Amino acid sequence: MYANVIIDISHERLDRTFQYEVPEELEGELCPGMQVYVPFGNGNRRRKGYVLELTCEAQWDPGRIKKLSGIASKGIAAEGTLVALACWLKEEYGCTMIQALHTVMPVRNRVGGNEKVYVRLTQEEQRLRAYEALCGKRHYTARLRLIDRLKACREGVEMRELTSQGIASSAVIRALAEQGIVSLTSRTAYRRPDIRLDPEYGKKKLNEEQRTAVENIWENREERPVSLLYGVTGSGKTEVYLELIQRTIALGQQAIVLIPEIAMTYQTLVRFYARFQDRVSVMNSRLSAGERYDQFERARKGEVQVMIGPRSALFAPFENLGLIIIDEEHEGAYKSEQMPRYHARDVALKRAQMCRAFVVLGSATPSVDSFWLAKNGVYQLVRLSHRAGSGRLPQVYVEDMRRELKEGNRSVFSRRLREQIEGCLGRGEQAMLFLNRRGYSGVLSCRSCGEAVKCPHCDVALTVHRQGDQRKLVCHYCGYTREAPSVCPACGSAYLSELRAGTQQIEALVKAEFPGARVLRMDMDTTKSKHDHEKILSAFGKGEADILVGTQMIVKGHDFKNVTLVGVMAADMSLYAGDYRSSERTFQLLTQAAGRAGRGELPGEVTIQTYQPEHYGIQTAAAQDYESFYERDIAYRRVMNYPPCGHMLAVLASCKDEGHLKEALEYLKKVALRICRNGEIQVIGPAPSSIYRVKDIYRRNLFLKGDSLDRLSAARRKLERYLEANPGFDSVQIQFDPDPMQ
Ligand code: ADP
Ligand code: ZN
Ligand code: ZN
């Protein structure tokens, strides 16, 4: 018997299986997915690998096939569907097999140290007394002490407790075990995240709309396995999830719930724990390796039925997976930033299809992609249009910062927002000020008409690139470059500048303008260590500050009952992100920010400050009208052939040598043009990446645009073959990104 093994080294040239002979003693034991040691390369170094297949056919001369060394005892075996999923990832995203395997196995090694040994008396009274008498005679005081202690606790005491309290050494305990006086049993004690149950979160009786949603999804789960649950903020989507999970586990199946890490608040988790108690497990990036291992181990053994977590929870080793839920499905965090650059939504659909599970995508602001698929009947569209609990949607104002400027107000606060903050402070209520910097990189925009300087070909904002004293404007899709104009190309005004406010600056201005207010700031700088996040939020929740200033971190899912005012300082910044999703992102952020006001009994107000009040992303967000937004945005994408109407494949290249990178990409463009000669695929670029230089590595991108993803994948495979054969690309790192998010 032979094993086809993938070596655990990520290198394109090793991206194939190597064959090894299976030693006789391992023949019954070895299965596909297992981790093994094999001799590899010159000098036959011992390397780890994964068995992909077992076969009786030798690939070449059996006499020259090396013998597999053994099973890696600490390695966890990948389960069958996960190996199949890895194969699919490799094909779909153009990564190496080992990258794909690492992706589907976020937990790959056993982490020990959690095994507890319990010591228990085994003898009945009479024999024990005889033994004690014997020990007494021989002055075995440790043994007597031990027996005394165990008598008081018949169900057993942990070994470590006995040794650490100095009752008996482990040698003594083992001696007694050998004589049959005590027994030793090991039990695995799982490390669990510490969550207290809150009885306040009882089971809610579903309202009419929720019940209809549950029935529609549940009844149709076989014919329509993917549903998009489009429910306004506060409409009770979580209750719908809970009900569907309950039904799924009642059938003996398991469920995975994906939540973006940033939205995985204590409040959310408590609701799941209250409903399912010990049957729930939670993954997040703050767990230690041991904790992560335990959570997956419990899933493997069938001890938990629900796994909650960010992207990696998708690969929980459940045997009979019935349901995958993706909450806040529009979130950018679901797209991986490393190879394979997969989107959790696509992988979830694939895994679900493999094990005949059904999928629920939930959002108050669905991604344009998902809504398009739902509108076209690919997903089942299920709506929740009313708020379920208390709280009404807030009153939203749009403040035109161009007019403020014209009328002599040069402050970062519009007159309305300043009045609102004063009112809010006066009433003892709380305010959140949100600075929208997501995906933002320097853009020239006009303070008079609000327009950003755009690419004439791609209809996205150009971004500022500096080289020495020179300032150039560059398009990140096609590479179009121009001098920075001195007056606005749209209206001729000279008020053309880069928006450049930071949270720190806003915080200082707030403190200066409202001296009595207690201010907290939350951004990347103030949340560097593990618990900063919670500390700031809980301090604000307890009313220890009046105003919370922050980036998008503050707008996700938090429920502060005393917040009655949300101010969006510069709504435009995310509109200028320089890619085709910038309107979508703006709409989502503004809607979420608005959703933070008026969660309790008190009515809420929201003020959006902008230089482009007429932009549809801002207008529709202010009106809380997702469908109008969608219609406008999909029209734009249709005209420009952007996803989901068309598809894109980004070729992301990076290299230490700027000149070499430039040259290499010009070559690659020629190759791409040759491959795509029939005109079904457009080749755009190359252009510098939005962040051109990171740690002295330069980055440039090429884009392929076409109608079908399959055709783009075929082109990608041809490019891969070219790259592999061409040593000129050895120093250039290339990643492929289908339908890029940024
Ligand atoms: P979403 O996830 O859609 O924003 P949630 O599930 O968080 O909404 O629900 C919003 C609020 O409404 C929560 O406080 C929740 O407890 C409450 N709620 C949800 N469903 C019901 C119901 N059927 N009856 C009463 N309150 C409900
Ligand atoms: Zn202008
Ligand atoms: Zn362009």
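Keep in mind that this is a model prediction, so the values were computed, not measured. We count ligands from 1, going down the list as the structure has it; atoms in each ligand are counted the same way. Side chains included, hydrogens not; waters and symmetry mates left out as well; all remaining heavy atoms used.
- A donor-acceptor pair shorter than 3.5 Å can be found between the side chains of Ser414 and Gln609.
- A cation-pi arrangement is not found for Lys237 relative to Tyr230, the charged atom failing to lie both closer than 6.0 Å to the ring centre and inside a 45° cone about the ring normal.
- Atoms of ligand 1 found under 4.0 Å from any heavy atom of Asn207 (numbered from 1 in listed order, with element): 23 (N).
- Between the side chains of Arg447 and Ser497, at least one donor N or O sits under 3.5 Å from an acceptor N or O.
- Residue His457: no N/O/S atom is found under 2.8 Å from the Zn ion (ligand 3).
- Among the atoms of His476, no N, O or S atom is found under 2.8 Å from the Zn ion (ligand 3).
- A donor and an acceptor atom, one from each side chain of Tyr616 and Asp633, are located under 3.5 Å apart.
- At most 12 heavy atoms of other shown residues, nucleotides or ligands fall within 6.0 angstrom of atom NZ in Lys662.
- Below 4.0 Å from some heavy atom of Lys205 lie the following atoms of ligand 1, by number and element: 22 (C), 23 (N), 24 (N).
- At a heavy-atom distance under 4.0 Å, only backbone atoms of Leu206 (N, CA, C or O) approach ligand 1.
- Asn220 and Gln380 form a side-chain donor-acceptor contact under 3.5 Å, judged by distance and modelled atom types alone.
- Ordered by chain and number, Cys446 SG, Cys449 SG, Cys488 SG, Cys491 SG make up the set of protein N, O or S atoms under 2.8 Å of the Zn ion (ligand 2).
- Considering backbone and side-chain N/O atoms, Gly231 never comes within less than 3.5 Å of an N/O atom of ligand 1.
- Taking every heavy atom of both residues into account, Met640 and Lys705 meet most closely at O-NZ, 2.9 Å.
- Side-chain contact, Glu209 with Ser385: a donor N or O sits under 3.5 Å from an acceptor N or O.
- Angle subtended at the Zn ion (ligand 3) by Cys478 SG and Cys458 SG: 110°, rounded to 10 degrees.
- Here the closest non-hydrogen pair linking Leu206 and Glu243 is CD1-CG, 4.0 Å.
- Counting heavy atoms closer than 4.0 Å to ligand 1, residue Lys237 contributes atoms from both its backbone and its side chain.
- Some N or O of Gly236 is nearer than 3.5 Å to an N or O of ligand 1, by distance alone.
- Annotation for Tyr495: atom OH does not count as buried by contact number, only 12 or fewer foreign heavy atoms lying within 6.0 Å.
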task: Step by step, work out the side chain to side chain contact (heavy atoms under 4.5 Å, CB included) result for Asn207 and Glu239.
output: CA-CA 10 Å; Asn207 63 33; Glu239 295 299 322; over 6 Å; no

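- Here the angle centred on the Zn ion (ligand 3), running from SG of Cys455 over to SG of Cys475, is 110°, rounded to 10°.
- In the model, Glu329 has a side-chain atom that pairs as donor or acceptor with a side-chain atom of Ser367 under 3.5 Å.
- Every atom of ligand 1 is numbered from 1 in the order shown, and the set under 4.0 Å from a heavy atom of Arg271 is 5 (P), 6 (O), 7 (O), 9 (O), 15 (C).
- Contact annotation: Ser235 has at least one heavy atom less than 4.0 Å from an atom of ligand 1.
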